[in-house]
Amino acid sequence: MQYEQTFNAIDNILRNEAGCSTELDYIEQTSWMLFLKYLDDHEREEEAKAMLTGHAYKPIITGYMRWSQWAAPKKADGTPDTVNALTGPDLSQFVDQKLFPTLRRFQETASSARTLEYKIGEIFAELRNKITSGYNLREVINLIDQLHFQTAEDKHEMTLLYESKIAKMGNAGRNGGEYYTPRPLIRAIVKVVDPKIGETVYDPACGSAGFLCEAYQYMLQQKKSTHDFKVLQENTFFGKEKKPLPYIIATMNMIFHGVAAPNIIRGNTLAENLANIQERDRHHVILANPPFGGSERGEVRQNFDIQTSETAYMFMQHFIKMLRVGGRAGIVIKNTFLSNGDAASLRRLLLEQCNLHTILDLPAGVFQGAGVKTVVLFFDKGTPTKTIWYYQLNPGRNLGKTNALNDDDMKDFLAQQKTHAVSINSWTLEVAALGEDFDLSVKNPNKVEEVDERDAQAILSHIHKLHEEADQIICSLNDMIKEEEA
């Protein structure tokens, strides 16, 4: 509850800040301060452990650049040192001219690109302080300093609230949930694909890294040794993101979830020539929700054997190429992929090179504000598809902003997917029966259409009754208005 109140209070301050105008700005600016506070708590915890064991620990951020020095100095009794704490123009000047430039240089001084020090440099190379008022900045800092991340419960609560802020960001007028895929859906996809320690997990359009974070949490339960933990930390999760803000959020999100130095690169995945991909580049597991409806330059489109202007179709070719033989994928894509004539060659490629064993049809409203229908494709590379099992998700209610998808909604799908059971919501399709267009449209043969068996007179009577009720409500409202005016 503490984190939720603090985040809400910060948003209220930033709504009155000239440099911040949207939810995107709120989370970006909250993130860099939250990140530095998190790191300071982490480094102090490591210093305490080292002292108890008699070992030396060298913090990454030292001297006055540490959060506890510039942002939240304390007196000897632990209370805030308001005399020495910068505020107003002095604080803004320090952050813009000293703090950010110092942290950006960590890219140059880090021993390796796969270290936390290097990631700090990468993050702050992409950021700038948008809080123009040093007094607003001081208020936000004071709120964030009240948060603590020493216990597992603290970190868990913080990551849940951080995810909720990412969800708001994903719906802040963006392109179809560009940054945010509902976590219950991601968790279900991860369970079906079932990544194992020792396998690599790849998301080339990672957004806020939701798939990678959930895969880490899932695989962490398999850990049996310090070696397993090291493998998960260093050699398991790989992501790429084109845009600067989601790249920053993805890196921070993974660090908050427990991956110290995430292997996330900022770059355009589609700019890579598929012909240059080698076996060493491929992955065991691919989990992704590629952006749809975008556009790429002509030279980028030339990287793909099947020419298309739809970015999601380019990504699908990339997925197939990047998956190892025997590898597994769970991909969210617009349902038009199943029948669009422009995607016929791509569907054929997928069916010939992979076993598309499951198609999960999602109801409208899963992606809040996106206004599109989507499906999830589950496939393994190496053997052609013979039979596809379909499941039509039916939560029994209309999904939306105030009625979001939850984990319970996915339970029946997860249970039936294990055996590919046939039910009112599930069926199979034989690929041999497909035509040359390889149309995979969702056509549930088991669904019984509801028929209104009332005769015409009964239906008209019901409509007349509804009209009368509406007239009564309008009359009551008019009477209330008149009384208020009187």
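Considering only residues two or more places apart in sequence or on other chains, F379 meets the ring pair (Phe, Tyr, Trp, His ring centres under 6.0 Å) condition with none of them. Every ring pair (Phe, Tyr, Trp, His ring centres under 6.0 Å) that W427 has, sequence neighbours left out, goes to Y390. Under the ring pair (Phe, Tyr, Trp, His ring centres under 6.0 Å) criterion, F438 pairs with no residue, sequence neighbours left out. H357 pairs by the ring pair (Phe, Tyr, Trp, His ring centres under 6.0 Å) definition with nothing, not counting sequence neighbours.
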Evaluate the salt bridge (Lys or Arg N to Asp or Glu O under 4.0 Å) criterion for residues E214 and R187: first the C-alpha distance (whole Å), next the side-chain angles of each, then the deciding distance (0.1 Å), finally the verdict.
CA-CA 6 Å; E214 291 295 340; R187 284 191 284 272; 3.2 Å; yes
For side chain to side chain donor-acceptor pair (under 3.5 Å), just list the numbers for S111 and E117, CA-CA rounded to whole Å, side-chain angles, deciding distance to a tenth of an Å, and then say yes or no.
CA-CA 8 Å; S111 59; E117 182 179 1; 5.6 Å; no
Report the C-alpha separation of I248 and W32 in whole Å, then their side-chain angles, then the decisive distance to 0.1 Å, and conclude whether the side-chain contact (heavy atoms from CB on, under 4.5 Å) test is met.
CA-CA 9 Å; I248 293 164; W32 72 257; over 6 Å; no
Please step through salt bridge (Lys or Arg N to Asp or Glu O under 4.0 Å) for the pair E199 and K196, ending with a clear verdict.
CA-CA 6 Å; E199 296 180 324; K196 305 290 188 184; over 6 Å; no
Set out, in order, the CA-CA distance, both residues' side-chain angles and the distance that settles side chain to side chain donor-acceptor pair (under 3.5 Å) for N425 and Q392, then state yes or no.
CA-CA 5 Å; N425 293 318; Q392 201 162 34; over 6 Å; no
Go through F378 and Q417 one step at a time and tell me if the side-chain contact (heavy atoms from CB on, under 4.5 Å) criterion holds.
CA-CA 11 Å; F378 295 93; Q417 198 279 331; 5.6 Å; no
Under the criterion side-chain contact (heavy atoms from CB on, under 4.5 Å), I'd like the reasoning laid out for L393 against L405: C-alpha separation, chi angles, the key distance, then a yes or no.
CA-CA 11 Å; L393 189 68; L405 187 76; 3.9 Å; yes
I'd like to know whether E126 forms a salt bridge (Lys or Arg N to Asp or Glu O under 4.0 Å) with R266, so could you lay out the CA-CA distance, the side-chain angles of the two residues, the decisive distance to 0.1 Å, and finally the verdict.
CA-CA 10 Å; E126 299 285 354; R266 188 185 164 207; 2.8 Å; yes
Walk me through it: do Q233 and Y216 pass the test side chain to side chain donor-acceptor pair (under 3.5 Å)?
CA-CA 9 Å; Q233 286 288 318; Y216 173 72; 3.2 Å; yes
Just do the salt bridge (Lys or Arg N to Asp or Glu O under 4.0 Å) check on R114 and E234 with the steps written out, would you?
CA-CA 8 Å; R114 299 180 71 176; E234 299 177 2; over 6 Å; no
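A side-chain donor from one of D145 and W67 sits under 3.5 Å from a side-chain acceptor of the other.
With Q307 contributing its side chain and R301 its backbone, the two residues share a donor-acceptor pair below 3.5 Å. E241 places a side-chain N or O within 3.5 Å of a backbone atom of K243 that can act as its donor or acceptor partner. Without hydrogens or angle criteria, Q317 side chain to I306 main chain gives a donor-acceptor distance under 3.5 Å. Judged by distance alone, with hydrogens and angles left aside, the side-chain atoms of N403 form a donor-acceptor pair with the main-chain N or O of N398 at under 3.5 Å. Using modelled atom types, no side-chain atom of N129 and backbone atom of D96 make a donor-acceptor pair closer than 3.5 Å. When atom types are taken as modelled, the side chain of K240 and the backbone of I264 share no donor-acceptor pair closer than 3.5 angstrom. S225 places a side-chain N or O within 3.5 Å of a backbone atom of D228 that can act as its donor or acceptor partner. A donor-acceptor distance shorter than 3.5 angstrom exists from the side chain of T385 to the backbone of L356, with no hydrogens or angles considered. The closest donor-acceptor contact from the side chain of T374 to the backbone of N335 lies at 3.5 Å or more, if one exists at all. Of the possible polar contacts, none joining the N136 side chain to the I131 backbone as a donor-acceptor pair under 3.5 Å is found.
Using a 4.5 Å heavy-atom threshold, the side chains of H420 and T358 count as touching. I388 places a side-chain heavy atom less than 4.5 Å from the side chain of L440. Residues L34 and F256 have side chains in contact (heavy-atom distance under 4.5 Å, counting atoms from C-beta outward). Considering only heavy atoms from C-beta on, D361 stays 4.5 Å or farther from Y391 through its side chain. With a 4.5 Å cut-off on side-chain heavy atoms, L360 and M410 count as touching. T181 has its side chain within reach of F367: a pair of non-hydrogen atoms, C-beta onward, lies under 4.5 Å apart. Taking 4.5 Å as the limit, some side-chain heavy atom of L377 sits within range of a side-chain heavy atom of I359. T308 has its side chain out of reach of D342: every pair of non-hydrogen atoms, C-beta onward, lies at least 4.5 Å apart.
Aromatic ring orientation, H283 versus F238: tilted (interplanar angle from 30° to 60°).
To the nearest 0.5 Å, the span separating CG on D412 from OG on S423 amounts to 6.5 Å. Rounding to the nearest 0.5 angstrom, the gap separating the SG atom in C206 from the CZ atom in F237 is 13.0 Å. Considering CE of M316 and CD1 of I333, their distance stands at 5.0 Å, rounded to 0.5 Å. Once rounded to the nearest 0.5 Å, the distance linking CD1 of I120 with CE of M252 reads 10.0 Å. In this structure, M33 CE and L36 CG are separated by 9.0 Å, a value rounded to the nearest 0.5 Å. Here the CG atom belonging to L274 is positioned 6.5 Å from the CG atom belonging to N303, to the nearest 0.5 angstrom.
Using a 4.0 Å cut-off between charged nitrogen and carboxylate oxygen, D25 and K130 count as a salt-bridge pair. A salt bridge is defined here as a Lys NZ or Arg NE, NH1 or NH2 lying under 4.0 Å from an Asp or Glu carboxylate O, and D408 with K411 meets this definition.
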For residues 100-107, run the donor-acceptor check on the side chains, cut-off 3.5 Å, and write out each pair with its distance to 0.1 Å, sequence neighbours left out.
residue, atom, partner, partner atom, Å
T102, OG1, K98, O, 2.7
R104, NE, F124, O, 2.8
R104, NH2, L127, O, 2.9

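Contact record, I331 with P290: CG2-CD, 4.0 Å, taken as the closest heavy-atom pair. Minimum heavy-atom separation, S426 to N446: O-ND2, 2.9 Å. Of all non-hydrogen atoms in P204 and T269, the two that sit nearest each other are O-OG1, 2.7 Å. The heavy-atom pair separating R324 from H284 by the smallest distance is NH1-NE2, 3.3 Å. Of all the heavy atoms in C354 and I320, the pair that sits closest is SG-CG2, 4.3 Å. Contact between L399 and P363 at its shortest, heavy atoms only, is CD1-CG, 3.8 Å.
Taking a 6.0 Å sphere around CD of E436, one finds it holds 12 or fewer heavy atoms contributed by other residues, nucleotides or ligands. Crowding of N276 atom CG: a count of heavy atoms from other residues, nucleotides or ligands under 6.0 Å exceeding 12.
Screening residues 245-261 for side-chain hydrogen bond (donor to acceptor under 3.5 Å, both in side chains), with sequence neighbours left out, gives E122-Y247, E163-N253, N253-H257.
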